[in-house]
S.K.: 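Dropping a structure here in structure tokens format, bear with me for questions.
In the text below, chain A, chain B and the rest are named by the order of the sequence lines, each starting its count at 1.
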Amino acid sequence: MSRVVTLKINGQDVSGREDETVLQVARENGIEIPTLCHLEGLSNVGACRLCLVEVKGVSRLLPACVTRVSEGMEVTTHSERLERYRRMIVELLFSEGNHVCSVCVSNGHCELQDTAIQLRLDHIGMPYRFPVRQVDASHSRYGLDPNRCILCTRCVRVCDEIEGAHTWDIMGRGINSQLITDMHTPWGESETCTSCGKCVQICPTGALFIKGKSVAEMTKRPDFLPYLAMMRNRKNGS
Amino acid sequence: MSKKKIATIWMDGCSGCHMSFLDIDHRLLDLADLIEIVHSPIVDHKDFPPDVDVTLVEGAVSSDEDYEKILKVRARTKILVAMGDCAVSANVPAMRNRFTPKALQEAVYLAPNMANPQLPHGTVPILLPRVRPVHEVVKVDVFVPGCPPSNDTLFYVLSELIHGRMPDLSDKTRFGA
Amino acid sequence: MHLEDLHAIAQQQQEADSKLEHILYVCTGTACQSSRSEEVLKAIQAELKARGLEKKCAVRPGGCQGLCARGPLANLDRGKQLYQHLTPEDAPAVVEALDGEPPARLQLDKQLPFFTRQVRVATQGGGLIDPNDLNSYIAAGGYTALLDALMHKTPAEVLQEVVKSGLRGRGGGGYPTGLKWSTVAKAAPTPKYVIVNGDEGDPGAFMDRALMEDYPFRVLEGMTLAAYAVGASYGYIYVRAEYPLAVKRLQNAIKQAQKQNLLGSNIASTPFSFNVEIRLGAGAFVCGEETALIASIEGGRGTPRPRPPYPAESGLWGKPTLINNVETIANVVPILQHGSEWFARIGTEKSKGTKVFALSGRINNTGLIEVPMGITLREIIFEIGGGIPEGKKFKAVQTGGPSGGCIPEQHLDMPVDYDSLAQVGSIMGSGGMIVMDETSCMVDVAKYFMEFSMAESCGKCVPCRVGTAQMYDLLLKISEGRATLNDLALLEALCDMVKHTSLCGLGQAAPNPVISTLRYFRDEYLAHILEKRCPAGVCQMKPEVMEVHS
Amino acid sequence: MYQAKPIPAPSDDKRWRIVNATMRRHGYQPSGLIETLHTMQESFGFLDVDGLRYVARSLRVPLSQVYGVATFYNLFKMKPAGEHTCIVCLGTACYIKGAPAILSSLEQALEIKPDQTTPDKKVSLMVARCVGACGLAPVVVLDEETHGKLSPEAVVEKVAAWRVPVAEER
């Protein structure tokens, strides 16, 4: 059993196990830190950078999702600077794709939209890039609208780590990175997809959706994940 | 106290924001002593007047006409309000940005089932290569996202502004609301 | 192979050499090869043969003599005479004058500050070692350090020498090498790995290429010493595929070393075993980052992951892994040969030893130099480098590539060391040093580097993926005279944000060229924005017209 | 444990033996993927989807991962290159010594952009980050031969010579 450590988050004394992350301990204590790539039950990639926090004595900002708590640590999760950076990150995400909330299936149930509201964004200060991206509607039950994709790779990870199919991955790099199925072949023709739909349920935006849903009708149900992750770990003997 | 001069303009948008504005309904009458609507698609004033206190802008900047209009409006307005998602984020109108204006016009005007397929000449405004939100063209003072923003929101914004306060919209509206 | 055998080989070689009247080394590095140095070598060989001199005089392929701009270069009798601009047609003239004066146009003054101001540690041997021949390396003292360590020192003692030397990482960061080694040495004795990072990706940097091409055995020996010190049994050299000659020579070196039992199982009949494999990069700058490099060796996309855990604790295949840059590793052999005290006497208090720089751009003596830390930029540029050609005025020197900055005239008298360079907004970097004169536009230079970082961003984290693209667009806008002061403010806000929030070094450092040029050349940005003109006359102004569809 | 059946190479092209040899050398481990792609690229000049599928199956790497890796690295090409290649170095030294002028002259003369091939399949135009021969800046690599200090005109002339049809011998 791992040791219990005490630390301060935003001046509040809290305790956690030393194998827990700052994010976990913060959430256990009702302190919300925004995240988009993190999801309980999946491995962490530390890619969205929204959960960066300040730790006393460390000059760099640290991602709460992968930083372990330690004795005497003093964490600040919200500051003028962190909020500014978080707003800019969300602005970058909005400027990168084509996010048209008003006609999106996930309007009102979107983690990107929620994060923007939480951060009190009323407009996007970065020039919109308006990329040209093709919708993939070849799958019989699900659709992919890459215009709404924020490359959080939750779908890639759930497909690989939980379902074990590894149908999804990222091709290209940098600003040209793109979500693909198999050899960049249409989803409906995938040789590996089991149509389990886990990717759809954990997608934070309307990028992956169930066909036939109209505007604002697509609610996601990611809560199956911690349970499946636990069962999988048990089988693997860890 | 002299009445505040209020204007509204309509660029590339569905007019839903103006509908929402009209839905303010009788409460508009409450404001009647305080404001004067000097220009609006609903009151038919030909040219945009100078020295406007507040202009509510609906729609994105999409054509040469919009572009010239917004420059003029900005120059003649003290407080410019981007009203609704089209003005704030270019929203649905921007969905045409993946096509060139030429391809778009051909798809619309030269569709095979058209009775008399021909491209318009000089009769409609010229499309800009890309639809842009208002703040990418001119400075915007107040952003009111929403598709459309509710009449309550618009009433709140207007009342705050005419009383010389900046509205805090953080819990009142959002993108796509 | 034992120490005595090494000495015997060295002695044999020296005796054989002493019987020769002349030995000529012709540089066969990439730059000289592209000026036909291989043909020069063959022509001189043929000429010697034709004159029946091949028993008396030897002409051998050698390493970089440094002054690449004047290649092909050659070195006669250990520096007695230097040659420049050789062509195969010059072979008769060269052979003719072996005992006398070669034609003036072929003579290169060995008293040039370019040569006299250098201090050679990593490039010890001065290119007068045949990179294809293990015996030639042994004759120059090669492998004594390794065998001495294996026979007479414990791993801890080898490690201590490196710690005491004060050597810092030459790949850019300047992390103390000894500390890195200690962490890996302390890690649990599961399989451990040593990786030599030869993925030199900075545009305008070619130090590691030259070191791998000219001293492949030194890289191997250094790597083997590192493996012995930290307890690793397997190693990888990760080389850019764009460096085919380096790959070829390293492959050859591995084969020869294996044959002589200087690499492989039970090296020199000791219990220590170490094997090395070469892995080719495939064109991704980000793979210079430790965790991305590891992902690439594992066969995946070269995307970095958050640290900790550091590779020293959990690296390749999750095992403790030591990653050192080529130049760092090349310093290990001289340190163990001459002792840490000798090494620590070179350089400054906090930056010991030397640094190899690739000097290029608007400078007379472009090429490769090795200088002691603490030398000033002015000495490098105006003495060693011979100043700016065509009487032009110096504007800035860029160090650290896309992660570094531009240093203006006012800081030229600053000593070159890790901390001073950081203070003025640049970094030591891997050693590219590009000189710019008044014909370079600093906005254009910043744009150039941002384009690089944007194209090389792996795309994993948001700030780097989208931030570099947005910054590039803003720089493009500024360079074309379409930007406003608001755009400049947004650019600066993005620089700050991308620097502090990106996942890895590539993103964190991507804004540096912009930040440093804004710091020293803000007036150039303002000229583009407010006056719609490029002071250096580089950028084409494209003032915004309302683009309409006609 | 699931064992993939040995799968046949996409064709009986002899070059697949070379690719197989690389995979064998890496014990058919997934970590051999990049080395295998290098061999494939050297043997065939580019990576095609059927070939990638074969490699994926042989090394037991997911299809999407193979495609992700192949498109991540600059050196891997998904399309065949032309008969000749012209690589313009855009390293910093070359950049400030006139590489952009060389590149734009070539773009004009060949009417293609970097990473494209002329319609006659004669010339592929490419750019390099740095070929490490900064002393010779600006540098152009013509069919693997490094040329330094050339003017835009001289480069265009050399490249144009590739496109002149060789007169048929009678």
Side-chain angles (χ1 to χ4, degrees), chain C residues 30-31 33-35 67-71 200-206 208-210 240-244 246 279-285 287 296-303 317 358-362 366-368 398 401-402 432 434-437 439-440 444-445 448-449 452 455-456 458-459, chain D residues 25-26 29-39 41-42 55 59 61-62 65-77 87 89-101 104 126-142 144-149:
Chain C
T30 294
Q33 269 200 9
S34 64
S35 325
L67 200 42
C68 308
R70 304 211 198 160
E200 177 174 63
D202 284 16
F206 51 91
D208 294 346
R209 173 182 61 71
R240 292 182 77 192
E242 291 92 331
Y243 289 171
R279 281 299 168 92
L280 292 187
F285 174 70
C287 289
S296 184
I297 292 184
E298 290 174 351
R301 292 164 58 84
T303 55
W317 324 119
L359 201 53
S360 67
R362 299 278 178 187
T366 53
L368 197 76
Q398 212 279 342
I434 297 126
V435 178
M436 297 167 195
D437 63 15
T439 62
S440 289
D444 182 62
V445 167
Y448 165 81
F449 282 116
F452 183 94
E456 296 297 332
C458 81
Chain D
R25 191 154 47 80
H26 289 276
Q29 288 300 306
S31 57
L33 176 60
I34 293 177
E35 295 288 311
T36 307
L37 297 183
H38 269 300
T39 308
Q41 167 109 0
E42 271 164 43
V55 169
L59 299 178
V61 181
Q65 197 175 335
V66 168
Y67 202 84
V69 169
T71 53
F72 182 85
Y73 295 96
N74 274 348
L75 285 184
F76 297 137
K77 305 288 174 200
I87 305 171
C89 179
L90 285 183
T92 320
C94 295
Y95 186 81
I96 69 167
K97 284 187 133 179
S104 60
M126 286 186 246
V127 292
R129 284 293 172 207
C130 181
V131 297
C134 313
L136 302 170
V139 173
V140 177
V141 185
L142 303 171
E144 297 184 8
E145 210 175 285
T146 309
H147 296 260
K149 301 180 181 172

S.K.: Non-hydrogen atoms of chain D under 4.5 Å away: do they reach the side chain of C:Thr439, the backbone, both or neither?
M.R.: neither

S.K.: Which one wins on heavy-atom pair count under 4.5 Å against chain D: C:Ser296, C:Cys458, C:Gly201?
M.R.: C:Ser296

S.K.: Quick one: CG on C:Asp202 to OG1 on D:Thr92, what's the gap to the nearest 0.5 Å?
M.R.: 8.0 Å

S.K.: In Å and rounded to the nearest 0.5 Å, what is the OH to CZ distance from D:Tyr95 to C:Phe452?
M.R.: 13.5 Å

S.K.: Check whether D:Glu35 gets within reach of chain C through its side chain, its backbone, both or neither, counting any heavy atom under 4.5 Å.
M.R.: side chain

S.K.: If I take atom OG from residue D:Ser31 and atom CZ from residue C:Arg279, how far apart are they, to the nearest 0.5 angstrom?
M.R.: 5.5 Å

S.K.: Heavy atoms only, distances under 4.5 angstrom: which of D:His147, D:Gln41, D:His26 has the most pairs with chain C? Name it, please.
M.R.: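 Looking at each of D:His147, D:Gln41, D:His26 in turn, D:His26 comes out on top.
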
S.K.: Looking at side-chain heavy atoms only, is the closest gap between D:Asn74 and C:Glu456 below 4.5 Å?
M.R.: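 Touching, per the 4.5 Å side-chain cut-off.
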
S.K.: Return the minimal non-hydrogen interatomic distance between D:Gly135 and C:Cys68, and the atom names on each side.
M.R.: CA-CB, 4.2 Å

S.K.: I'd like to know which of C:Gln398, C:Arg240, C:Arg209, C:Arg70 tops the heavy-atom pair count under 4.5 Å against chain D.
M.R.: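 Maximum pair count with chain D is reached by C:Arg209.
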
S.K.: Do the non-hydrogen side-chain atoms of C:Thr303 and D:Phe72 ever get within less than 4.5 Å of each other?
M.R.: yes

S.K.: Mind checking the CD-CG spacing from D:Glu42 to C:Leu280? Nearest 0.5 Å is all I need.
M.R.: 8.0 Å

S.K.: If you take all heavy atoms of C:Ala241 and D:His38, which pair is closest and at what distance?
M.R.: CB-CE1, 3.9 Å

S.K.: Between C:Thr366 and D:Cys134, is there a side-chain heavy-atom distance shorter than 4.5 Å?
M.R.: no

S.K.: Can you name the nearest heavy-atom pair linking C:Arg301 to D:Gly68, along with the distance?
M.R.: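 Closest approach of C:Arg301 to D:Gly68, heavy atoms only: NH1-O, 3.0 Å.
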
S.K.: How long is the straight-line distance from SG of C:Cys287 back to OH of D:Tyr73, given to the nearest 0.5 Å?
M.R.: 4.0 Å

S.K.: Can you say whether D:Val69 sits under 4.5 Å from chain C via the side chain, the backbone, both, or neither, judging by heavy atoms?
M.R.: both

S.K.: Write down the atom of C:Pro203, the atom of D:Gly91, and the distance for their closest heavy-atom approach.
M.R.: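 Nearest heavy atoms, C:Pro203 then D:Gly91: CB-CA, 3.6 Å.
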
S.K.: Suppose we screen for salt bridge (Lys or Arg N to Asp or Glu O under 4.0 Å). Which residues come up paired with D:Lys149, at least two apart in sequence or across chains?
M.R.: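 For D:Lys149, no residue satisfies salt bridge (Lys or Arg N to Asp or Glu O under 4.0 Å) once neighbours in sequence are set aside.
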
S.K.: With a 4.5 angstrom heavy-atom cut-off, is it the side chain or the backbone of D:Ile96 that approaches chain C, or both, or neither?
M.R.: both

S.K.: Strictly by salt bridge (charged side-chain N to carboxylate O under 4.0 Å, His left out), give each pair with a member in residues 65-77 of chain D just once, sequence neighbours left out.
M.R.: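 Of all non-adjacent pairs touching residues 65-77 of chain D, those that pass salt bridge (charged side-chain N to carboxylate O under 4.0 Å, His left out) are D:Lys77-D:Asp115.
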
S.K.: Who among C:Gly401, C:Ser35, C:Gly204, C:Ala205 has the most heavy-atom pairs with chain D under 4.5 Å?
M.R.: C:Gly204

S.K.: Between C:Ala358 and chain D, which part of the residue has a heavy atom less than 4.5 Å away: side chain, backbone, both or neither?
M.R.: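 Interface part for C:Ala358: neither.
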
S.K.: Can you say whether C:Ala210 sits under 4.5 Å from chain D via the side chain, the backbone, both, or neither, judging by heavy atoms?
M.R.: neither

S.K.: Measure distances from C:Leu359 to the heavy atoms of chain D and classify the residue's part below 4.5 Å as side chain, backbone, both or neither.
M.R.: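 Contact with chain D involves no heavy atom of C:Leu359 at all.
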
S.K.: Can you give me the closest heavy-atom contact between C:Arg362 and D:Lys97, atom names plus distance?
M.R.: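 Between these two residues, the closest heavy atoms are NH2-CA, 4.1 Å.
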
S.K.: Tell me whether C:Glu242 is salt-bridged to D:Arg129, with the criterion being a basic N under 4.0 Å from an acidic carboxylate O.
M.R.: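 Salt bridge: no.
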
S.K.: Where is the tightest heavy-atom contact between D:Leu136 and C:Ala31, given as atom of each residue plus distance?
M.R.: CD1-O, 3.6 Å

S.K.: Looking at C:Gly432, C:Gly459, C:Gly281, C:Pro402, which one has more heavy-atom pairs under 4.5 Å with chain D than the rest?
M.R.: C:Gly281

